[in-house]
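Letters A, B, ... mirror the listed sequences (proteins, then strands); counts begin at 1.
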Amino acid sequence: MSVGIKLRQLDAYRWEIPQEGKMRTRGLIFCAAEMIPALRQDQSLQQVANVATLPGIVGPSLAMPDIHWGYGFPIGGVAAFDLATGVVSPGGVGYDINCGVRLLRTDLHRSEIAGLVQELVDTLFSNIPSGLGSRRRDFKLAPPTLKDVLRYGAAWAVKNGFGNADDLLHIEAGGCIKGADPELISGQALERGHDQLGTLGSGNHFTEIGYVQEIFDETLARALGVFLDQVTVIIHTGSRGLGHQVCDDHIKKLLQASTKYGFDLPDRQLCCAPIQSPEGEEYLAAMAAAANFAFANRQIITHWVRETFQQVLGLGPKALGLELVYDVAHNIAKIETHTVNGRPQKLCVHRKGATRAFPAHHPEVPALYQETGQPVLIPGDMGRYSYLLVGTQQAMEETFGSTCHGAGRILSRHQALKRARGRSIVKELAAQGIIIRGAGKGTVAEEIPEAYKDVEQVVEVVHGAGISRKVAKLHPLGVIKG
DNA sequence: ATGTTC
């Protein structure tokens, strides 16, 4: 428990952990007062303070309102490090490298799929391999091809017939992180990845058909191609066993490096290396390769979503208008330029369970969103709703252009299973008009809505604090889970 | 999150 951590309220949405002891900077947590008691139930505040001790940290050790305990760094954490003096840490990215979310729009009104949701869900379920260890039998990649996936990301997928060139303009970093080096991926990681491209995975990963339930900003919604009662699709998945193995491999290496560089770490899980060291550069190049695998993964699943809609609705691509709004990474470290003390500075920004939220006119935001700001996608639990937001200038000034990533768990998987015992979650959700198909035996029970914070409360904090801006709320109709 | 303990 983080009972002993000092916490000072700055305003309705901001809480500070004052700098003390070995901390090199303060902690800054975006959260509402009613979230504080739950926050103190785990180690996450201690983790915010621990991250503040790392060499070369710039600005505060940040946390978003969906903060909870993670490996070394809290999930919902953001930490930026100076390129010359700072470190990079696998714990600041997480095991699921480039876990992320993409939102697809359609030209369909929800009345056009009424009565077809079950068939859409069933067809998605048969077209997208789902569940723990899910593999695609007819989609094994020879090592040279897999290395191309790792190098080129979503661009590889498009080049090989999954989607179109326009999709790439609607993905963070164009769907390809530069500097990826497939030669740094272990044989074991390659082995785990070779038949997992185009698979959903397990846990909180999902593909969801929904509709636009509420619009908060009509002008922004229109500019993003979103309208009331529109059918939407959300895909949430990452780099599967490949990314997991890359994280594992590099944690081992960086544990050694931390000793070699003489770092005094409050927690071994914060193992890291100087950004500009062989170990640090190798982790970043391997992480980029795993991130590219995840971008390709979401791109291939998108292709199958399009095929599913065409198949079930008997409509062509033009009539469907099934286009990508945007694709965001929420577990990644990026080299970015930010203004620090009035001057541009190159930083390595770790976002772990946090989403980039760049504003209008930022050079890294695609041309078509220059006037709106970068779309930000915040999935909720499967029974409630998800949000579409945009990034803001305030985020650039306070959070290195970052915001929250989701609802955040409040019950452990074990607790959730216990809570779900004797109930049919599928039936309960069906009674609310939401059709669920889960691959894994316990996954749907582990993912019961009450296992999560209400994402609305999380979004109210980031909107209220001004680090992103609400555009629309999306309601689920049919979900496939791992 | 994860071939959920190589």
Side-chain angles (χ1 to χ4, degrees), chain A residues 42 44 47 66-77 89-102 129-137 139-141 146 185-207 235-253 255 269 286-287 290-291 293-295 297-298 301 328-333 350-355 379 381-382 405-418 438-447 451-452 480-482:
Chain A
D42 67 23
S44 50
Q47 291 187 318
D66 46 344
I67 177 179
H68 54 286
W69 176 85
Y71 182 92
F73 289 58
I75 295 161
S89 173
V93 171
Y95 269 88
D96 191 1
I97 295 168
N98 190 7
C99 185
V101 187
R102 63 167 56 186
S130 306
L132 187 69
S134 46
R135 281 145 199 281
R136 188 157 180 95
R137 300 183 92 94
F139 198 134
K140 290 192 181 180
L141 298 174
L146 180 52
I185 305 298
S186 69
Q188 204 180 353
L190 293 173
E191 171 62 29
R192 287 179 76 170
H194 89 290
D195 57 356
Q196 286 193 323
L197 192 62
T199 65
L200 192 61
S202 174
N204 63 3
H205 290 166
F206 63 80
T207 298
I235 298 164
H236 178 206
T237 184
S239 51
R240 310 287 290 102
L242 183 139
H244 191 276
Q245 191 62 45
V246 167
C247 181
D248 227 29
D249 292 342
H250 286 267
I251 280 173
K252 286 183 195 117
K253 289 179 182 173
L255 278 168
Q269 293 187 353
M287 183 214 70
F293 184 90
F295 281 134
N297 195 28
R298 293 195 287 273
I301 290 173
V328 294
H330 56 221
N331 276 9
I332 201 159
H350 295 65
R351 296 190 183 92
K352 181 190 193 176
T355 311
D381 62 82
M382 59 192 179
H405 88 304
R409 261 191 184 277
I410 43 173
L411 296 182
S412 71
R413 290 186 182 175
H414 181 74
Q415 287 171 313
L417 281 174
K418 230 171 119 181
K441 212 169 156 237
T443 308
V444 170
E446 287 174 353
E447 295 291 312
Y452 286 91
I480 70 165
K481 296 285 295 180

**Message:** Ring centroids only, cut at 6.0 angstrom: are His236(A) and His330(A) within range, meaning strictly under it?
**Reply:** yes
**Asked** Excluding sequence neighbours, so at least two apart, what forms salt bridge (charged side-chain N to carboxylate O under 4.0 Å, His left out) with Asp381(A)?
**Response** Arg384(A)
**Complete:** With sequence neighbours left out, the residues meeting salt bridge (charged side-chain N to carboxylate O under 4.0 Å, His left out) with Glu446(A) are none
Whole angstrom value for the distance that separates [atom2] of [N] from [atom1] of [X]:
X         : N      : atom1 : atom2 : answer
Ile251(A) : dT2(B) : CD1   : P     : 15 Å
Asp249(A) : dC6(B) : CG    : P     : 14 Å
Tyr95(A)  : dT2(B) : OH    : P     : 13 Å
His250(A) : dT2(B) : NE2   : C1'   : 17 Å
Asn297(A) : dT2(B) : CG    : P     : 10 Å
Asn331(A) : dT2(B) : CG    : P     : 11 Å
Gln188(A) : dT2(B) : CD    : P     : 16 Å
Lys481(A) : dT2(B) : NZ    : P     : 11 Å

**Asked** Is the side chain of Ser239(A) donor-acceptor paired with the backbone N or O of Ala294(A) at a distance under 3.5 Å, no angle test?
**Response**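 No, because the side chain of Ser239(A) does not come within donor-acceptor range (under 3.5 Å) of the backbone of Ala294(A).
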Would you indicate what [X] reaches in the nucleic acid, counting non-hydrogen atoms under 4.0 angstrom: base, sugar-phosphate, or nothing?
X         : answer
Gly238(A) : nothing
Ser202(A) : sugar-phosphate
Arg413(A) : base
Gln196(A) : sugar-phosphate

